[in-house]
Amino acid sequence: MFNEMGPYTKNILNKELLVALRKKKYDFKMSESLIKFNDRNKQGNVNLNKSEVKQSGTVTNEDVIKIQQREKKIIDWKGKIALSPLTTVGNLPFRRICKEFGVDITCGEMAMCSSLLQGSPQEWALVKRHHTEDLFGVQLCANNPHVLTKCGQLLNQEMDIDFIDLNLGCPIDLIYREGGGCGLLRRSKVLECCIKNLSQILTIPLTIKTRTGVYSNEKVAHKLAPNFQKWGASLITIHGRSREQRYTKLADWNYIKEVAQAAAPLPVYGNGDILSYDDYKVALDTCPELAGIMIGRGALIKPWIFTEIKEQKIWDISSSERFEVLKKYTNYGLEHWGSDNKGVENTRRFMLEWLSFLYRYVPIGVLEQPPQKVNERPPSYMGRDDLETLMASSSARDWIKISEMLLGPVPDNFQFLPKHKANSYT
Ligand SMILES: Cc1cc2nc3c(=O)[nH]c(=O)nc-3n(C[C@H](O)[C@H](O)[C@H](O)COP(=O)(O)O)c2cc1C
């Protein structure tokens, strides 16, 4: 897609590549040889002399060593704020809004390697990048080094991406049971293989996003963190909760500190429960070791959190200013998903998913003790005007009403149930 400034949505899957993937004609020799080579030389990087150079398909061992030794792009992670990867809601129009409010790093929603390799258009949509996303990563999920390394090669060669993030936190049962996401935390040999091969195939940095562990009483991130650097990772983000916990308890920032200390000198970002500049400051005061902070639900509930942090203030944003943000999202949504009926309904669906988080924002003027905390459910309240009251409603019917103010009436029999339980307090 183009405007007078040039292409503004990048990483669009072209037809040739789609066909190559569908017909399994894409040349993955580089990743296949790398995995074979690393399998044979379990130590990873080895120096072979000429007589030891063997053929591995059309890629020789010498070629593999050259692949391993390519120069990597370096990113300065220090002092930046990152938007979490957020399935469904962290779409491109939402990330544009966050960029405008000042976030530094953005990341696409978790993409399944197997679906990318099959050329699934829905999965490739998760790789798209707006030109304003000037430090942008793609998050990958897989349960084995083969698909992960191939995907790394493919994205590195074909797309414009600054870093690849490996998901070690996804708690979804199906993915976990098959050994992906959080499941990789329990398969240390496979995990080592995944990180080593993926980091070696990439010329861009590999980052890792992990939870504390699978079980609350069995934290593992601090033990794995020093290995992550040895295996080739450039950054760890630690979400201070276990798989078991989901969102039931507050993130453990003391443990986040432990991980940052164990990982040093590898940079670490802390993640969990940040909803204000106050929270951000307390987190960094508790863990000065951290290179930066990642924010998830805080950005969904109030995307202007990035401005608050950058300007070190509390912003008593009015309902009309908040409505303007939704208007912008509408325009960005129609641009992204199309302005035909299908595009309008897609924009509406994604807006409703977002509204199921946005309603949790409590205006500063209404709070007894600002700033708001992520786990505090406010008693029901009247806003300072009708729009503020409407925006505070936890009823899907009112979210639909807001969508109708921006996108016109919903089709007959329209229903909406939010996908994510994380939008509610319990
Ligand atoms: C709606 C939603 C979708 C999420 N999707 C992803 C995802 O695709 N990949 C991921 O690593 N984490 C995902 N997470 C977890 C967040 O990235 C983040 O680690 C977690 O919410 C804790 O941060 P917070 O307390 O700032 O929200 C998701 C969280 C939410 C609420």
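Below, each value reflects all heavy atoms present in this structure, side chains not excepted, and no hydrogens, waters or symmetry copies. Numbering of ligands and ligand atoms starts at 1, following listing order. Residues: numbered from 1 along the sequence shown. Because the structure is predicted, anything quoted here is derived from the model rather than measured.
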- Query: Got a salt bridge between R297 and D273, using NZ or NE/NH1/NH2 to carboxylate O under 4.0 Å?
  - Reply: yes
- Task: Salt-bridge test for R129 and E133: reply yes if a basic N is under 4.0 Å from a carboxylate O, no otherwise.
- Result: no
Is [X] touching ligand 1 with its side chain, its backbone, both, or neither, if touching means heavy atoms under 4.0 Å apart?
{"X": "V89", "value": "side chain"}
{"X": "N271", "value": "side chain"}
{"X": "D273", "value": "both"}

- So do the side chains of N11 and W124 get within less than 4.5 Å of each other, counting heavy atoms only? no
- Task: Check whether any side-chain heavy atom of V374 sits under 4.5 Å from a side-chain heavy atom of I274, and report yes or no.
- Result: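 No, their side chains stay 4.5 Å or more apart.
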Among [options], whose heavy atom sits nearest [atom]?
{"atom": "atom 17 (O) of ligand 1", "options": "A251, P418, P85", "result": "P85"}
{"atom": "atom 16 (C) of ligand 1", "options": "R297, M294, K209", "result": "K209"}
{"atom": "atom 9 (N) of ligand 1", "options": "M110, Q139, E109, R241", "result": "Q139"}
{"atom": "atom 22 (C) of ligand 1", "options": "E353, R211, H239", "result": "H239"}

- G169 touching ligand 1 at heavy-atom level, < 4.0 angstrom: no
Atoms of ligand 1, numbered as shown, that sit under 4.0 Å from any heavy atom of [X]:
{"X": "F357", "value": "1 (C)"}
{"X": "Y247", "value": "15 (C), 20 (C), 21 (O), 29 (C), 30 (C), 31 (C)"}
{"X": "N167", "value": "9 (N), 10 (C), 11 (O)"}
{"X": "S84", "value": "16 (C), 17 (O), 18 (C)"}

Do [X] and [Y] pair up side chain to side chain, a donor and an acceptor below 3.5 Å, judged on atom types alone?
{"X": "H222", "Y": "Y255", "result": "yes"}
{"X": "N156", "Y": "T203", "result": "yes"}
{"X": "T248", "Y": "Q245", "result": "no"}
{"X": "Y329", "Y": "E324", "result": "no"}

- Task: Could you tell me whether some N/O pair between G296 and ligand 1 is separated by less than 3.5 angstrom?
- Result: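 Looking only at distances, the answer is yes, because the N/O contact criterion of under 3.5 Å is met.
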- Determine whether the aromatic ring centres of F163 and W77 lie less than 6.0 Å apart. yes
